[in-house]
Structures are given as structure tokens and as C-alpha cells.
Amino acid sequence: MPIDASALESSLASVRGRIVRAAARSRRAADEITLIAVTKTLPHETIRAAYTAGLREFGENRVQERETKEPHIADVAATWHLIGHLQSNKARRAAALFDSVDSLDSLALAKKLDAAAAELSKRIRVLIEVRVDFAAAKSGIAEEELPDLATQVLALPHLDLRGLMTVPPLFGDPERVRPFFRRLRELRDELSRRLARPLPELSMGMSHDFEVAIEEGATEIRLGSALFGPRSL
Ligand SMILES: *Cc1c(COP(=O)(O)O)cnc(C)c1O
């Protein structure tokens with residue numbers, strides 16, 4: 001069922017208020033924080049409703065699902081983020097439909113994406129996904145691999161490396177996630193110094209922990225259920 005427009009407006013207003021307050025607590029400007037609406041499992045009507053409500057950045061975690069929705073939302077002028085693991089053999093399809101791959105996690109994938117972007121005469125924004133809690137997380141590279149991968153990605157002309165992304169472990173108490181968000185920021189700072197170039201984006205924080213992520217420096221938060229309600233799938 002697509003979401004009701006007034007329900008969406010009220011959850012969006014509430015989320016925006018929470019973003020503003022979390023930014024204020026950390027003496028940041030709320031407009032530094034990009035809200036990515038995660039529409040995985042949701043029907044294309046909900047994407048259109050979200051666009052009408054003013055959302056302009058969307059996240060999906062599967063190429064196939066994004067393709068299925070495309071014919072219905074081809075006119076929606078939004079920025080699309082791939083936020084789930086991408087298999088190298090789907091790089092071309094992903095390059096065609098996404099503006100940003102926020103979950104880059106291997107050199108093989110980076111090379112495939114770069115080649116696909118070159119064919120399409122476009123440049124794809126990428127974030128490297130880091131596994132800040134190696135024991136619990138399922139996706140992303142280990143911290144130790146980050147400098148090498150980042151250096152190699154920078155050499156690929158059709159990829160634009162902008163920062164880091166993480167999906168930390170899920171805790172009932174979001175305070176327990178804070179060290180992982182802080183760690184991603186430290187890793188970004190170290191890497192930026194080492195490469196002598198800015199890496200402005202930190203994609204971290206989901207519905208249950210985005211305020212803590214903002215306090216720790218998130219520039220992009222990825223919200224599904226806080227905007228659209230619980231997913232049934
Ligand atoms: C599903 C998903 C989200 C959004 O999750 P919510 O808890 O619904 O906000 C964010 N990031 C990634 C990588 C996801 O897969």
C-alpha cells in the first residue's frame with residue numbers, strides 16, 4: 001500500500017525537527033545534513049508521494065528492485081543512492097540507474113563501475129563502505145584496507161570519491177552505536193589527511209540512531225521506517 005500523503009508530511013516534519021535539534025546540539029547547521037529517503041520494499045507510488053512532499057534523495061539497496069520501479073518514476077528528478085552490497089556483475093546496470101554508489105567495497109567493483117560510467121559518459125559518486133564493527137557487520141571493508149582502496153579509487157577517472165559510509169550494529173540503545181559513528185569520522189579524518197584531499201561526506205545513521213550519527217558528524221542519513229513506517233517485507 002502506498003503511503004498516505006498527510007501521514008508522510010507529518011513524519012517528514014517530525015524527522016526534520018529532530019534533525020534540526022540534533023544539529024543544534026552539536027553546533028552544526030541542519031542544512032549540512034542530507035536526508036536520504038530509503039524506499040526499498042516500498043511501491044513506486046510511495047516514491048512519488050515522497051518526491052511531492054519535497055524529498056529529493058532516495059536510497060535503494062537492490063539494483064533489480066530499482067529497475068522494476070524505474071518505468072513508473074522515470075520523470076521523478078531525484079538523486080539515487082545505491083546503499084546495499086553491489087555484485088560486480090551488476091555494475092553496469094547500477095551505473096545506469098544510480099547517481100551514487102554509497103556501498104563501494106572492493107577494487108574489482110570500482111573498476112567495473114568506472115568502466116560502466118565511462119561508457120555512459122557519466123561520473124558516479126562513490127562512498128567507501130567501512131565495517132567499523134568487524135565482528136558484527138556483514139558488509140564493508142576492514143579499516144586496514146581503506147587507505148589502499150581509496151588510493152586506487154582516486155585513480156579511476158569516472159568515479160568521484162566523496163567520503164565513507166557505514167552500517168553499524170543494531171542496538172536498542174542508540175548511545176551504544178556512538179563509538180562506531182565516531183570511529184568512522186576519525187577514519188575519514190585520517191584518510192583525508194593521508195590523501196591530502198577533502199572527503200566531506202559521512203553517510204551514517206538510520207531511523208533508530210540518526211540523531212546520534214548527526215552529533216558525531218553525519219552529513220547524510222538514510223531513513224526508511226522513520227519516514228514511511230515499518231516495512232512489511
Ligand atoms: C534499510 C536501510 C536503511 C534504512 O533503514 P531504517 O531503519 O528503515 O531507517 C538505511 N541504510 C541501509 C544500508 C539500509 O539497508
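Order of appearance sets the numbers: ligands from 1, and atoms from 1 within every ligand.
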Original post:
Under a strict 4.0 Å criterion on non-hydrogen atoms, which protein residues are in contact with ligand 1?
Top reply: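 Within the 4.0 Å shell of ligand 1, which is judged on heavy atoms, sit V38, K40, I83, V167, M206, S207, R222, L223, G224, S225, R231.
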Subject >> Contact list for residues 106-124, test side chain to side chain donor-acceptor pair (under 3.5 Å), sequence neighbours left out >> reply: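 Output for this query lists R92-E119.
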Original post:
With sequence neighbours left out, which residue pairs that include part of residues 151-166 fulfil the side chain to side chain donor-acceptor pair (under 3.5 Å) condition?
Top reply: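 Passing the test, one end in residues 151-166: no pairs.
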**OP:** Measure the acute angle between the ring planes of W80 and F98, then classify it against the limits of 30° and 60° as parallel, tilted or perpendicular.
**Re:** perpendicular
**OP:** Would you tell me whether R197 and S192 have side-chain atoms, one donor and one acceptor, within less than 3.5 Å of each other?
**Re:**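 No.
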**OP:** Quick one: list whatever passes salt bridge (charged side-chain N to carboxylate O under 4.0 Å, His left out) with R16, sequence neighbours left out.
**Re:**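 Expected list: none.
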Subject >> Given I73, I3, L42, L55, the one that forms side chain to side chain contact (heavy atoms under 4.5 Å, CB included) with I47 >> reply: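 When I73, I3, L42, L55 are each tested with I47, the side chain to side chain contact (heavy atoms under 4.5 Å, CB included) holds only for I73.
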